[in-house]
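Treat the numbers as computed from the prediction; the structure is a model and nothing was measured.
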Amino acid sequence: MGGGGTEAFPDLGKHCQQPDCKQLDFLPFTCEGCKQVFCLEHRSYMSHSCPKSDHNSRKVIICETCSISIETTGHGGQDEEAILKKHQNSGTCDPQNKKKPICPVKRCKEVLTFSNSSTCKTCHIKVCLKHRFPADHACGRAASSPVSVSVTAPASVSGWWNNKFLAAFASRNGQECGKSGGGSSASAPGNPSVKAY
């Protein structure tokens, strides 16, 4: 028999090329690195100790000065120290980039990223998602003063809504909601109405 199968079906399946396995597998896996055939148990790079396991991988190093990641895969065998030194001499290495922005609310230490931050539409302060509502980050204060959570903020917001409601209520002149004329709740006899049963 050649590569696999049985006497009745010689072209069916392949034998695992792991030296201590040689199992006949009808659904074999071909390794992308070494191009050998393996069974389900030995298909991973680690399980068959593939010598070319990093053929398709990307490696990066982190600059300790500016916290930027630098890819090392396309540098043709240069060591990491030479790549870091080249990055630091290039002029793109800025130590001020290392400090990450945090939420300005007092006692909040959440680091702000593009996915966990929100900019308030009223005061234009960038805060974390926990403090995105105006009542949570004391939105009424000036942007130059230190931001802290205030207990009186919800009362001022509800007072504004209360005044707006009272003004709308006074403008109704005793009419019921949704009715254009008269204070009676029954429909006028001249207007036919549809009743659903």
Side-chain angles (χ1 to χ4, degrees), residues 2-4 13-139 141-150:
K14 300 257 185 197
H15 286 280
C16 178
Q17 292 182 339
Q18 180 72 11
D20 58 340
C21 181
K22 301 290 184 193
Q23 175 184 356
L24 177 62
D25 196 340
F26 296 109
L27 295 171
F29 295 91
T30 303
C31 177
E32 294 290 324
C34 61
K35 307 293 186 207
Q36 292 184 342
V37 177
F38 296 100
C39 63
L40 177 67
E41 184 180 341
H42 298 109
R43 70 180 176 150
S44 69
Y45 294 137
M46 286 183 61
S47 63
H48 71 269
S49 303
C50 184
K52 297 181 180 178
S53 62
D54 61 349
H55 79 287
N56 222 10
S57 64
R58 297 174 67 191
K59 294 180 184 176
V60 296
I61 53 175
I62 308 295
C63 176
E64 292 185 15
T65 307
C66 65
S67 298
I68 196 169
S69 57
I70 306 160
E71 189 169 1
T72 62
T73 51
H75 290 283
Q78 283 184 327
D79 64 335
E80 293 178 2
E81 290 181 20
I83 295 170
L84 277 173
K85 189 171 279 284
K86 183 178 177 182
H87 163 71
Q88 290 172 347
N89 294 337
S90 69
T92 59
C93 186
D94 186 10
Q96 292 181 345
N97 290 343
K98 187 168 185 165
K99 186 176 180 183
K100 298 191 184 319
I102 59 168
C103 180
V105 175
K106 190 175 184 180
R107 292 190 212 106
C108 183
K109 296 185 176 13
E110 186 75 27
V111 175
L112 299 177
T113 62
F114 78 96
S115 63
N116 78 339
S117 63
S118 175
T119 304
C120 179
K121 292 179 180 167
T122 307
C123 64
H124 304 291
I125 293 177
K126 192 173 185 180
V127 293
C128 70
L129 293 178
K130 289 185 275 186
H131 300 109
R132 68 184 178 268
F133 299 113
D136 294 336
H137 68 267
C139 186
R141 295 189 178 195
S144 62
S145 66
V147 179
S148 64
V149 178
S150 173

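- Residues Tyr45 and Glu32 share a closest heavy-atom pair of OH-CB, 3.9 Å.
- Looking at every heavy atom in both residues, Val127 comes nearest to Arg132 through CG2-CA, 3.9 Å.
- Residue-environment remark: NZ (Lys22) exceeds the threshold of 12 foreign heavy atoms within 6.0 Å.
- The main-chain N or O of Val37 is found under 3.5 Å from a side-chain atom of Gln17 such that the two form a donor-acceptor pair.
- The nearest pair of heavy atoms linking Cys103 to Leu112 is N-CG, 3.8 Å.
- For the residue pair Thr119 and Lys126, the shortest heavy atom distance occurs at OG1-CG, 4.1 Å.
- In this structure, the separation between SG on Cys50 and CZ on Arg43 is 14.0 Å, given to the nearest 0.5 Å.
- Here NZ of Lys85 is found 12.0 Å from SG of Cys93. Values are rounded to the nearest 0.5 Å.
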Requested in this report: Please step through side chain to side chain contact (heavy atoms under 4.5 Å, CB included) for the pair His48 and Cys34, ending with a clear verdict.
Outcome: CA-CA 10 Å; His48 71 269; Cys34 61; 3.7 Å; yes
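- Between Leu84 and Ile70 the shortest side-chain heavy-atom distance falls below 4.5 Å.
- Closest non-hydrogen pair, Cys39 versus Cys16, comes out as N-SG, 3.5 Å.
- Taken from NE2 in His42 to CG in Asp25, the straight-line distance is 11.0 Å, to the nearest 0.5 Å.
- Not one N or O on the side chain of His131 forms a donor-acceptor pair closer than 3.5 Å with the backbone of His137.
- Partners of Ser90 according to the side chain to side chain donor-acceptor pair (under 3.5 Å) rule, which considers only residues two or more places apart in sequence or in another chain, are Thr92.
- Note: His124 NE2 to Thr122 OG1 = 7.5 Å, rounded to the nearest 0.5 Å.
- Of the possible donor and acceptor atoms, none in the side chain of Asn116 sits under 3.5 Å from a partner among the backbone N and O of Leu129.
- Atom NZ of Lys52 sits about 10.0 Å away from atom CD of Gln36, to the nearest 0.5 Å.
- For the side chain to side chain donor-acceptor pair (under 3.5 Å) test, residues two or more places apart in sequence or in another chain that qualify with Gln88 are Thr65.
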